[in-house]
Amino acid sequence: MGTGKLKRTLSEEINESLVDSDFNLKGWVMHYRDHGGLIFIDLRDYAGIIQIVFDENISAESFNTAKKIKNEYVISVEGKVKIRPEGTENENLKTGKIEIEVKKIEILNECEVLPFQIEEESDINELIRLKYRYLDLRRKKMKDNLIFRSKFNFLIREFLNKNGFFDIETPFLTKSTPEGSRDFLVPSRLNNGNFYALPQSPQLFKQILMVSGFEKYYQIVRCFRDEDLRADRQPEFTQLDMEMSFIEQKDIMSLSEEMFALIFDKLLNIKLNLPIKIMDYDDAMESYGSDKPDIRFEMRLKTVSDIFGGSSLNVFRDCLSKNGVIKAICFKNGSNLLSRKDIDELVTVIKDFGGKGLAWTKVGKAEQRPKPAPFTNSSLLTVSAQGCKLEGGIAKFITEEEEKILIDRLEAENGDIIFYQADEKKVADTVLGRLRLYLAKKYNLIPESKFEFLWVVNFPLFEYSEEEKKIVAIHHPFTAPNEEDIKLLDTNPLMAKSQSYDLVLNGEEIGGGSIRIHKTELQEKIFEILSIKPEDARLKFGFLLDALSFGAPPHGGIAFGVDRVLMLVKNVDSIRDVIAFPKTQKAQCPLSDAPSHVRSEQLRELGIKLIEKDKLI
RNA sequence: GGGGCUGUAGUUCAGACGGUUAGAACGCCGGCCUGUCACGCCGGAGGUCGCGGGUUCGAUCCCCGUCGGCCCCGCCA
């Protein structure tokens, strides 16, 4: 007996108004409850779950077939929609007020015993999840994530199409792009000894499309980087890549904002406050010790170098004499949250962050008490005008005057702890910035349900690389300097700021872009500063330089990390949970078993001979 | 390249000073059950304790190595 006269209906389409109508449903057996003379099945299709009932008095034949059913069998049933008997409704199900009384059933496919249960509450080992990813993706959470992703992509395409953008594909088999990461290489059979590189991003091609006159380009595109993996890094990941001509930084920013506002509104029902806040790179580093500040909480870094000009503390004095800085953060209520042992452990943490040590003082309530005799070693000496005093740690090296200004500047109150870092500016900033995040995470200072966007702008154009002993580009070598900084290129290029912008969400960089250089002369000057020889530039990306010389319009763009945005928005811990078929930390795919050996003929065709790694020169 | 956590039944986890037969829950198999919904009840099967070596009378447990998974640093926008 088969089903099939009726058109298939999805579980979500069935409701109480359809009582006594006949429907055909197809799907997977989620739960199977055999009560002897009555069998219940929770049938799952992609849209949801509905209960179906087999009663031997309604259809003995169906009932007998149903006896053979096990979990995850694929079935097709025909039956009537019935209101459930009073008292047997299931409030946890959208379809919990009704059920399907089955008249006909067909088993479309059976299912082996599962390696893990589909709706297991506890976390299954990720290796097993990935090996049986098709089963993992049957789980509601994973399915929801991927369906959300699909809607997200659709909304973006719709929005950009409405705004005059063209979706144009760019090659995957291409030439190494000038961004910093390691390329995935693809050997060429027709050109033995030569290799394609998979694109780290479509950077050069999208600029060339601007030269071609498309004016507005976008692509939701795979990018490849052969670097070590992290929870938020996969070797292949997806960017929303955009480029526009005759445009300025503020236009790209406001378009991006509009797009995110639409996404948050339509998909999450959250209204974003536009415009998104903008912060200078320098301010971000100064106040948050990071170029991607998490502004969901305060605890800003403060420079206190001036206070300690004449400090009796050797570490501080030495640091200042070497042109270093002293920075501090105030950890609200830290004295109560942290034991002495916790504080000591933070010193180890700080060293992992690259700091030399960690100075601290507790903030206590000042008491009216007689001043101790001079030359005592008590740390309870000082009393500030704010009714607070510093105690413990380095307090004994801090004068009353210093204390007063410190407490003021850090807005410290009774019960707080102040942490200090004395080092060269960049180190002090980043170390304290990381401590800020560490403490916030550990002591739950971050409002989890909040979404805080932030633009970080005015990045330096260059930085000096100690490793390479030369000036390198912060963004990429096609980033345009700020107009007013062009003159600095000849005098002090490291001071020049660029027309670039990063979009940060909850302390994670989710996108970045820049206005590009569209004049050959300026581009050549940049190469010169980067010590890239003209012949090397030609070799690597001569085709872009050529293109720029044929009437390139002013242009710029931005790219967003789709996986990361989805990870944040869906509040999952890893981008693997928003990617259908991700790889393990060793960049392997347990499902397909890639990467794998290839046949020797394949290698011969490619002119490739394998040698053992330790025999490499 | 480095640091941390981890690997015991199909799954999630217990476990022991180094000492009889390594446990639980869920799943699986068999049986019973007409209102369940993570159904229930009765019975049963299921283990190279990741792999290799060492110490020991004896190792799942201790030591060394190795492989895998996850998190992080380096690396990477």
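Each chain gets a letter, A, B and so on, in the order its sequence line appears, and its residues count up from 1. Scope of the values below: all heavy atoms of this structure, side chains included, with no hydrogens, waters or symmetry mates.
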Sugar-phosphate, base or nothing in reach of Pro85(A), heavy atoms under 4.0 Å: base

Separation of the C1' atoms in G53(B) and G10(B), to the nearest angstrom: 30 Å

P-based separation of G31(B) from A16(B) [nearest Å]: 39 Å

Ring center gap for Phe40(A) and Tyr32(A) short of 6.0 angstrom: no

Under 4.0 Å protein heavy-atom contacts per nucleotide of nucleotides 40-46 of chain B, with B for base, S for backbone only and - for none: -------

Short side-chain N/O contact from Arg33(A) to OP1 or OP2 of U36(B), under 4.0 Å: no

N/O donor-acceptor pair, side chain Arg129(A) with base G69(B), under 3.5 angstrom: no

Whether His476(A) and Phe478(A) hold their rings parallel, tilted or perpendicular, with breakpoints at 30° and 60°: tilted

Electrostatic pair Asp20(A):Lys82(A) at N-O distance under 4.0 angstrom: yes

Same-atom distance (P) from G52(B) to U8(B), integer angstrom: 16 Å

Given RNA chain B, 5'-ward residue of the pair His31(A) and Asp291(A), judged by closest heavy atom: His31(A)

Check: Glu99(A) side chain, G35(B) base, donor-acceptor under 3.5 Å: yes

Euclidean distance for C1', C39(B) against C33(B) (whole angstrom): 10 Å

